[in-house]
Amino acid sequence: MTEKYREFLKLNFYQIYPKSFSDYNNDGCGDFKGITQKVAYLAELGVNAVWISPCFKSPGIDSGYDISDYTDVGEEFGTLADFKEMLDCFHSYGIKVIIDLVVNHCSTEHEWFKEGSKSKDNPYHDYFYWFDEKPNDWKSCFGGSVWQWNERTKEYYLHSFTVEQADLNWENPKVREEVKKIVDFWVDLGVDGFRCDSLDLVSKDFVNDKKCYGPRLHEFIREIFGREKTRGLYTVGECWGTNEQILKDLTSEGRGELSSCFVSGNITHANKRFYLPERWDYDILHRHITKNQEFCEENGLIFAPFFENHDLCRCVSKYADDRDLRYESATFFATLLYTLKGTPFILQGQEFGTPNPYYDDIKYFDDAETRKFYELNKDSMEESELIRRINDDTRDGGRHPLAWDGGLNGGFNDGHEPWLPLHSRYEEVNLENDRRSKKSVFEYFRKLIALRKSSDALINGVFKDLTGDRKDCFVYSRTGEDGEIIVVCNYDRESEIVLPFDVKKITGNYPDGDGKTFRPFEATIYLKIKQ
Ligand code: TEU
Ligand code: CA
């Protein structure tokens with residue numbers, strides 16, 4: 001690994017969902033000025049990088065992932081000057097900023113589509129995929145067909161997500177030129193990198209009937225990011241179904257593709273949510289993490305661990321205990337996250353253990369995928385069952401206005417009705433309450449992030465799984481120049497864990513115990529004592 005890659009390993013990310021972070025002008029939608037006024041808070045937490053979800057011009061059908069102008073910001077967030085002010089503020093605290101690059105598709109309100117759908121000889125027609133007849137029966141990621149009829153040209157166009165998100169035709173070199181221009185625009189403005197949305201979909205394989213990971217994927221990505229101008233950026237691709245070989249090709253240093261990848265079955269649940277009441281299987285979690293840590297170590301790759309993002313619900317609810325053991329659950333996941341090798345990502349609110357909220361009617365949900373799921377199932381499923389499953393797995397789960405305190409609108413703004421309802425538990429679970437509590441999740445995150453920053457073992461150290469055949473805990477070491485750190489993460493039941501060597505406790509999420517009886521979700525970090 002070169003020095004540049006080692007620098008990336010020092011990053012720890014915080015995902016800001018800008019619509020729901022902080023609403024400065026009290027119009028119901030979070031904004032750049034709201035973010036700017038909270039930068040000091042993020043610095044206090046210790047994050048040194050943020051990922052800002054889409055804040056571009058968009059009709060908002062898929063919460064900003066349907067972009068109608070890539071080089072301008074949405075008015076609801078402020079002006080480009082406000083964006084720049086926010087960016088400069090982050091930089092003044094030494095915090096790097098990456099933004100979403102959503103170029104597998106654009107909004108059907110984008111000029112390209114408005115023009116290209118007019119006639120077959122329009123210069124923008126080839127910016128999209130068109131067929132006289134449906135060439136296959138591919139399904140949209142949100143359910144239903146990917147093919148939509150366009151009356152004006154009497155053709156079908158491809159949309160991997162909603163009907164209002166038309167897939168861009170990357171086979172067309174002009175499209176790739178446009179993507180480069182978008183990237184360069186933001187790089188010139190000063191952003192430090194990109195989170196590349198649905199990047200695994202940009203090369204399709206119609207011949208072999210594959211919607212993603214087509215034959216030109218690597219070539220396309222290199223064309224965008226392999227340039228002199230972009231080689232220093234931190235880029236993380238959302239490549240959900242990547243296997244080991246593809247991961248290696250996508251993220252090996254020197255290939256000019258990506259720095260890192262978000263991979264399903266890396267440390268999230270094995271299969272993407274689909275409104276099933278599934279719970280975390282800790283043994284699968286253990287195997288996935290171990291496999292990926294070892295693979296990345298062997299190949300000099302950067303892993304991007306995460307448990308939450310704006311498409312997943314909250315980990316304490318989905319996988320652990322969001323009531324009596326909410327503190328222990330939230331800090332258990334934090335311990336894992338910050339002691340693995342890679343660039344960890346958390347979602348806003350995770351730092352004070354935000355659980356999933358609950359709403360009893362579909363009218364309280366905004367997410368395009370959730371609404372589609374409701375539409376597709378409302379005639380065949382009992383309403384109460386449908387609402388229960390939606391609450392369990394909706395992408396809205398992590399998107400509600402952030403609860404800064406228990407007062408008016410949770411401190412998100414000064415009282416204007418927010419775009420999405422306040423979190424149903426905001427009066428109980430909010431940052432202010434958490435920080436006042438003796439068991440503060442925030443305080444634990446802050447401590448852990450500081451520990452990580454000061455430890456060569458946690459940043460560069462080699463990962464080794466020490467769990468053996470056990471299925472009730474996950475034990476591993478990280479060995480760096482400053483020593484060997486041992487991490488013990490006990491799952492949901494009490495277990496006896498006796499380490500075969502002497503250790504000294506550095507920190508953990510329970511007060512001192514007897515050193516061998518581990519309580520539910522107890523996670524402890526030790527330094528191994530050299531014999
Ligand atoms: O999500 C894409 C997504 O759902 C992927 O997991 C997809 O299934 C995969 O790429 C297929 O291989 C992203 C955003 O995170 C989400 O919020 C958007 O709705 C979506 O793209 C469309 O932009
Ligand atoms: Ca606002």
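In this text the structure is predicted, and so the values were computed from the model without any measurement. Atoms within each ligand, like the ligands themselves, are counted from 1 in listed order.
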salt_bridge([X], [Y]) N-O dist < 4.0 Å:
| X | Y | result |
| --- | --- | --- |
| Asp82 | Lys84 | no |
| Asp126 | Lys174 | no |
| Lys19 | Asp31 | no |
| Asp393 | Arg389 | no |
| Arg227 | Asp184 | yes |

Within ligand 1, which atoms have a heavy atom of [X] less than 4.0 Å away?
| X | answer |
| --- | --- |
| Trp240 | 6 (O), 9 (C) |
| His105 | 22 (C), 23 (O) |
| Phe142 | 19 (O) |
| His310 | 14 (C), 15 (O), 16 (C), 17 (O) |
| Asp62 | 18 (C), 19 (O), 20 (C), 22 (C), 23 (O) |
| Arg399 | 17 (O) |

(request) Please name all residues satisfying side-chain hydrogen bond (donor to acceptor under 3.5 Å, both in side chains) with Tyr234, sequence neighbours left out, ordered by chain then number. (result)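 Counting only residues at least two positions away or on another chain, Tyr234 forms a side-chain hydrogen bond (donor to acceptor under 3.5 Å, both in side chains) with Thr343.
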
(message) Applying a heavy-atom cut-off of 4.0 Å, say which part of Lys211 lies close to ligand 1: side chain, backbone, both or neither.
(response)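 It is neither; nothing of Lys211 touches ligand 1.
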
(request) Please round to the nearest 0.5 Å and tell me the distance separating atom CD of Glu238 and atom CG of Asp200. (result)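 If we round to the nearest 0.5 Å, Glu238:CD and Asp200:CG are 7.0 Å apart.
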
(request) Report yes if the distance between the aromatic ring centroids of Tyr41 and Phe21 is under 6.0 Å, otherwise no. (result)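 No.
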
Test item, [X] contacting ligand 1 (heavy atom, 4.0 angstrom):
| X | result |
| --- | --- |
| Glu369 | no |
| Arg395 | yes |
| Gly241 | no |

(request) Anything protein N/O/S under 3.0 Å from the Ca ion (ligand 2)? Just list residue and atom, please. (result)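 For the Ca ion (ligand 2), the protein N, O and S atoms that sit under 3.0 Å away are Asp23 OD1, Asn25 OD1, Asp27 OD1, Cys29 O, Asp31 OD2.
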
(request) Using heavy-atom distances, let me know which of Cys212, Ala368, Cys141 sits nearest atom 7 (C) of ligand 1. (result)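 The option holding the nearest heavy atom is Cys141.
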
(message) If we check ring pair (Phe, Tyr, Trp, His ring centres under 6.0 Å) with Trp147, which of these qualifies: Tyr129, Trp130, Phe131, Tyr156?
(response)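 Per the ring pair (Phe, Tyr, Trp, His ring centres under 6.0 Å) rule, the option paired with Trp147 is Phe131, out of Tyr129, Trp130, Phe131, Tyr156.
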
(request) Report the residue from Ile61, Asp66, Val146, Leu201 that forms a side chain to side chain contact (heavy atoms under 4.5 Å, CB included) with Phe161. (result)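 For Phe161, the side chain to side chain contact (heavy atoms under 4.5 Å, CB included) test succeeds with only one of Ile61, Asp66, Val146, Leu201, which is Leu201.
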
(message) Is it true that Asn309 and Gln15 share a donor-acceptor pair across their side chains at a distance under 3.5 Å?
(response)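 Result is no, nothing qualifies.
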
